[in-house]
Asks: 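Input: one structure, supplied below.
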Amino acid sequence: MLHKLGLIFFFLHVALFAEARNRLAPKKFETLPLGSVRPAGWLYDQLQVQTDGLAGHMHEFYDLVSKSDWIGGDSYYSYLEEAGSYWFNAMVPNGILVNNSVINEKAQEFLDYVLDHQDETGWLGPEVGTDKPRFLWGRYPFFFGAIQMVEYDPSQTDRVVSAFHKFVKIANEMLRKGEGVDKWAATRWEDFVLVLQWLHDYHPRGQEELLVDTMVRLKWTGVPWEKVFSEEYFPTGPVENLTNPFGMELSWHGVNMAEGLKALPATYRFTHNQSDLDAANLSWDLMFKYHGRPSGAYAADEMLAGLEAVRGTELCLVVEAMFSGSYLYQVIGDLKYADRVERMTYNALPATLTADMWGRQYLQQQNQIAAKNMTPNPFPEDGPYSNVFGLEPNYPCCTVNFPQGWPKFITSAFLKTIDDRSLVHLYLGPFSTTATLKDDNAVKVTVETLYPFGDTLKTTITAEKDFNYFVRIPSWVVEGTIAIGDGPKKKLAPDQETGLHKVDVKKGVTMLTLELPAEITIEKRLHGSVAVHRGPLNYAFDIGRTEQIIKTDPRESHAVDWQYDPAENWEYAIDPSSLVYHHDSDISVSGILPSPIFDSGMPPTSITASACLINWPLAGDTFASSPPENPECVGPETVITLWPFGATKLRISEFPVVSFGEVVLEDTPYLQFPLQSL
Ligand SMILES: *[C@@H]1O[C@H](CO)[C@@H](O)[C@H](O)[C@H]1NC(C)=O
Ligand SMILES: *[C@@H]1O[C@H](CO)[C@@H](O)[C@H](O)[C@H]1NC(C)=O
Ligand SMILES: *[C@@H]1O[C@H](CO)[C@@H](O)[C@H](O)[C@H]1NC(C)=O
Ligand SMILES: *[C@@H]1O[C@H](CO)[C@@H](O)[C@H](O)[C@H]1NC(C)=O
């Protein structure tokens, strides 16, 4: 009898242990389905500009995504595999958020084609019916796109989820046999883990064990990100002359690392291991301490590139790091992720696209005095054409991948708490959001603001029931206030960790007015230079430019490559004690900004600085040498205007420093900001 009881306990224990092992640790916050968060005001305009530009038209002419046999065909094989998948991931939300029926139909056609061509083994993708080798990675962006379609249109759930589960089976078998993992799948495994976690969270169909087993196998056949991002191994400067300790060069590849930033929070969900959260936290800090840019992004001109202002930041890296930062916040809830995503979105993303979004760079530079074919160039592992604005400079990947940037930022801007009771306004800007919270609490929120080109947010909330509304207060806000209805202005009291300020909202209509002022802050950069910020925006000297078309695509007259040359002196040093912020007060909260906003002279905010010309030599023909230390003026003291970085296409953003007044630089209060905090 005792013996029998013991056996029963034994099996019970095994069963409970297995169940615990197959459970996922919860995220802190959950996203809302595609379509719930919509852009308004200037942000809607920005997405419309993207739709009217290259993103919304490439399916009409750009071979990589315009062929009718999207996932068949042999030419451009390596790109065709990923190009359609990237396009789909971006254009599903883009099409829905601007309600563009042509793009929505195209996306549906793509989904149908891929699902209809799943073979009997469960494989999805261009290798169906061919003898091409099967590698897992190219499908992952497609999965993200399909998840968004299901969120928007639940009637497609069964079809998509069934196809996914079939695919998971074959993927798991392949991993058991050591198949399917090439060097890209080895670095980008975390994207598949996110897809498996979505299935596990919402549509497990009793397959929890297989799903978790597949997550574990992906991790252990892939790059060990916790080691790559460790104090011991992390490269503290450019990597071109270093030997990768893991024999995996691609673990120092900028875009892979941007995707890899989500690997550790994703791992935590199936290991439940605090060490994975600690490693995630460290990975973020190491990345930006040693490679961070005033634009919010980091430098990797193919491989990690350190802190010099002429090294490059790849566009794909910007949009992938934005997406990873959003996921990090959802899992961990640390304010620093959200603050930085906002910086990247409002600086690095628009800076590297032409204002009309028909042209994009492959690499942007923090100090960029020309955008042209350059020999020599400052990028050891990318070509001379990398900073030209055009259809597909250097590699085509960013042409098909960049359009995910704005739409995914928008869909991540509102979250709900994991208990489904509260709504969180995470990224600040103009939005209109609807959600149904627990107990059928239908909530609608509209936010009117010019942010980041203004400090005031007017939020109107309509709710069926009382609930808690949270709004993120960025770390740079100084003496912010909130007023409810016609009530008095009150000091903000955000939670230290999450940065969220809680508002008890009663059923009915509630109006909130937030004032979020910020001070000018100065960031120390290499060679004694400085970068200038206010709020989320980095401010740069916008070098007047001459523009010349150097190539026109025969299929589409808007698809041109632009060469930009400086049309004025740019060799300025500034006095950081002289900075003054200016805001065009004629434009009210609900006012209309110029469109497109991210171009020279367009934003309503600027900063003036006392400056003088100095001797600042070129390195190569078309890029600047490092900012000179302790420079002397060679021209008179003058005043220059700095503009939001995203609106500049040629610029200086890391300035040498001079002093005109009595203020000793070391004593200016601004200079105390450590690099990491920005
Ligand atoms: C989208 O556009 C169609 C007409 O093309 C219209 O019927 C529909 O209401 C629009 N949807 C939204 C959410 O605006
Ligand atoms: C890498 O080596 C080359 C050739 O010796 C040298 O010119 C370059 O400065 C080195 N780069 C770094 C970051 O040390
Ligand atoms: C949890 O983390 C510790 C310390 O890094 C490690 O030794 C252990 O293997 C991890 N456990 C799992 C399940 O990953
Ligand atoms: C994250 O790491 C930094 C050091 O890089 C540390 O100061 C901070 O306390 C950590 N944050 C959390 C939430 O563990």
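Bear in mind that the values here come from a model prediction, so they are computed numbers and not experimental data. Note that ligands are numbered from 1 as they come in the structure, with each ligand's atoms numbered from 1 the same way.
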Asks: Hey, do the aromatic rings of Phe409 and Phe323 have their centres closer than 6.0 Å?
Replies: no
Asks: Pick out which of Gln365, Gln361, Gln364 makes a side chain to side chain donor-acceptor pair (under 3.5 Å) with Asn387.
Replies: Gln365
Asks: Can you pull the ring-ring contact (aromatic ring centres under 6.0 Å, His included) pairs that have at least one residue in residues 264-284, sequence neighbours excluded?
Replies: Trp284-Phe288, Trp284-Tyr337
Asks: Could you tell me whether some N/O pair between Arg38 and ligand 1 is separated by less than 3.5 angstrom?
Replies: no
Asks: Could you name the protein residues that come within less than 4.0 Å of ligand 2, counting only heavy atoms, and order them by chain and residue number?
Replies: Pro238, Glu240, Asn241
Asks: Judging by distance only, is a nitrogen or oxygen of Asp285 under 3.5 angstrom from one on ligand 4?
Replies: yes
Asks: Going through the distances and angles, do Lys336 and Glu497 end up as a salt bridge (charged side-chain N to carboxylate O under 4.0 Å, His left out)?
Replies: CA-CA 9 Å; Lys336 72 180 171 189; Glu497 188 193 339; over 6 Å; no
Asks: Between the side chains of Ser101 and Asn104, does any donor sit under 3.5 Å from an acceptor?
Replies: no
Asks: Go through ligand 4 atom by atom and flag the ones less than 4.0 Å from a non-hydrogen atom of Asn281.
Replies: 1 (C), 2 (O), 3 (C), 8 (C), 10 (C), 11 (N), 12 (C), 14 (O)
Asks: So, applying side chain to side chain donor-acceptor pair (under 3.5 Å) with Asn538, which one of Gln366, Arg343, Arg293 is it?
Replies: Gln366
Asks: Between the side chains of Gln108 and Asp153, does any donor sit under 3.5 Å from an acceptor?
Replies: no
